[in-house]
2 protein chains.
Amino acid sequence: MVTTSEYKTLQELFGAPEPPKNGRERLVHAAIEFIYVHGFQALGVDQILARTGVSKTTFYKHFESRDDLLIAAIQTRDQWEMTSFNAAVQKLAKDDPRAQLLAIFDVLDFWFNSPDYHGCQFINAASEFPNPHDPVHVVAADRKRKSRDEFRNLAVAAGIVEPETFADQYTALVEGTLVMRQIHGRNDAAKIIKSAVETLLVQRLPPPSESVAQR
Amino acid sequence: MVTTSEYKTLQELFGAPEPPKNGRERLVHAAIEFIYVHGFQALGVDQILARTGVSKTTFYKHFESRDDLLIAAIQTRDQWEMTSFNAAVQKLAKDDPRAQLLAIFDVLDFWFNSPDYHGCQFINAASEFPNPHDPVHVVAADRKRKSRDEFRNLAVAAGIVEPETFADQYTALVEGTLVMRQIHGRNDAAKIIKSAVETLLVQRLPPPSESVAQR
DNA sequence: CGTCAAGGTGTACCACAAGTACACCCCGGG
DNA sequence: CCCGGGGTGTACTTGTGGTACACCTTGACG
């Protein structure tokens, strides 16, 4: 098992999103930053204009409406976060699927203890836009289902029995870990839940193949 | 284990909140209903006034502001939901703590498959008001932490080893189940995750006492 | 009976944010 | 040269949270 101590900051694991350039990208970038801290509904058009120095006319040339900006923001965030997170897991656990299923919680632990953690953007988004047909909700729900499918693929690759059921239970633990960190305020959540994952893993790993030396 | 088939509807398990009477209660009641479906930010003062037939002047005699109504709404919902849920668990599992830890997922399953399920109000609230000092967020976070403590108490009563760790893992599974139902759209979540709870339980139940040790 | 307070109504109004209309600027490439 | 893409500024409309003020109804009680 790769020890995570060689990585000190989340930046090293995640990298930073590209700095903004033209008007539209400046707006989306500023929106992402603001929304992640204060939520979607708190974002005011005038506020984001003052913050970026873009004029209102320019804004409405790039976006049909305020909602249009919100959609662009979560889509961009989705792209960035998915690639960053997967890259971080890859750094810690290479291509070993079983190690990756555990390393995911190490990455979560890093993330949880970074100073600018403000919860899972997609849980927030789906809660703020409860209508399942709202475009923002759709992006968030798709992201969640894709994550669950990636977990299933890892489970299959790791040779876990009943990978679908395992994927559901593993996903629930991940989501629950996010909620415990964000709402319960437990920033040790990832460390503690990781042991539950190990319990589920050993129960589902059929042959005692000593191939993956764990510990 | 109590089979749940004797209960057909969530109403039987939960009961209904008391019908509204005077102006203030009508407003709070209508707000709760609306918020649970559409979210906090979607609630407009004029809308709720039209819906209840209360005048704006009356509204502002009862509440300092719109936010004040939101706070009253989530507090009232908190009271009602906690007592209803606990009563439902009691109906299914009497006073057997181990059975209660499993029955909680049976109640969740009922709830998930009722037509008017719209997610966990408190996850929604904390997401819509991400500022940890916001009054609405505080109510939601307190509710979550209290639930976790109730789970810990059940674990202690059930004689589970390391009840604190178990409570954290159990809580994560509950929260994860809620998220999977609400965002992933998996209304079979409670059934599937229940088996993970059983796995954690058998691992933590120390003596193979053939009958559940009851008080 | 008279009166007074609690709780309710209606209308007009202010402040602020989303979104529109219109006139204008600058600059690089056919 | 001039034309279109991208940018600016100002003034406006509209909707909604919140206020001010004048008024109505009911029931307890001296």
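Quick note on labels: first sequence line is chain A, next is B, and so on, each numbered from 1.
Rounding to the nearest 0.5 Å gives a distance of 10.0 Å between CH2 of B/Trp111 and CG of B/Asp116.
With salt bridges taken as basic N to acidic carboxylate O contacts below 4.0 Å, none links A/Lys94 and A/Asp96. Using a cutoff of 4.0 Å between basic side-chain nitrogens and carboxylate oxygens, B/Arg143 and B/Glu81 are not scored as salt-bridged. Using a 4.0 Å cut-off between charged nitrogen and carboxylate oxygen, A/Glu175 and A/Lys144 count as a salt-bridge pair.
When rounded to the nearest whole Å, the span between CG of A/Leu27 and C1' of D/dT8 equals 14 Å. Rounded to a whole Å, the CG atom of A/Leu69 is 14 Å from the C1' atom of C/dG19. In this entry the distance linking CG of A/Leu70 with P of C/dA18 reads 10 Å, nearest Å. With rounding to whole Å, B/Asn22 atom CG is found 12 Å from C/dT9 atom P. Going from atom CZ of A/Phe63 over to atom P of C/dG19 covers 13 Å, rounded to whole Å. When the P atom of C/dG8 is taken as reference, atom CG of B/Leu49 falls 13 Å away, rounded to whole Å.
A/His137 and A/Glu128 form no side-chain donor-acceptor contact under 3.5 Å, judged by distance and modelled atom types alone.
With sequence neighbours excluded, no residue satisfies salt bridge (charged side-chain N to carboxylate O under 4.0 Å, His left out) with A/Asp67.
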With pairs defined as Watson-Crick or G-U wobble and both distances under 3.5 angstrom, please note down DNA chain D as a dot-bracket string, | for pairing with another strand. ||||||||||||||||||||||||||||||

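An OP1 or OP2 oxygen of C/dT9 is reached within less than 4.0 angstrom by a side-chain nitrogen or oxygen of B/Thr58. OP1 or OP2 of C/dT9 sits under 4.0 Å from a side-chain N or O of B/Ser55.
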Once base and sugar-phosphate atoms are separated, protein heavy atoms under 4.0 Å mark nucleotides 15-22 of chain D, 5' to 3', with B, S and - as -SBBBBB-

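Tested against A/Leu102 for a side chain to side chain contact (heavy atoms under 4.5 Å, CB included), the candidates A/Val89, A/Val197, A/Leu92 yield a single pass: A/Val197. Just one of B/Phe34, B/Phe112, B/Tyr36 meets the ring pair (Phe, Tyr, Trp, His ring centres under 6.0 Å) condition when paired with B/His118; it is B/Tyr36.
At least one test fails for A/Arg152 against the ring of A/Phe166: distance under 6.0 Å to the centre or angle within 45° of the axis.
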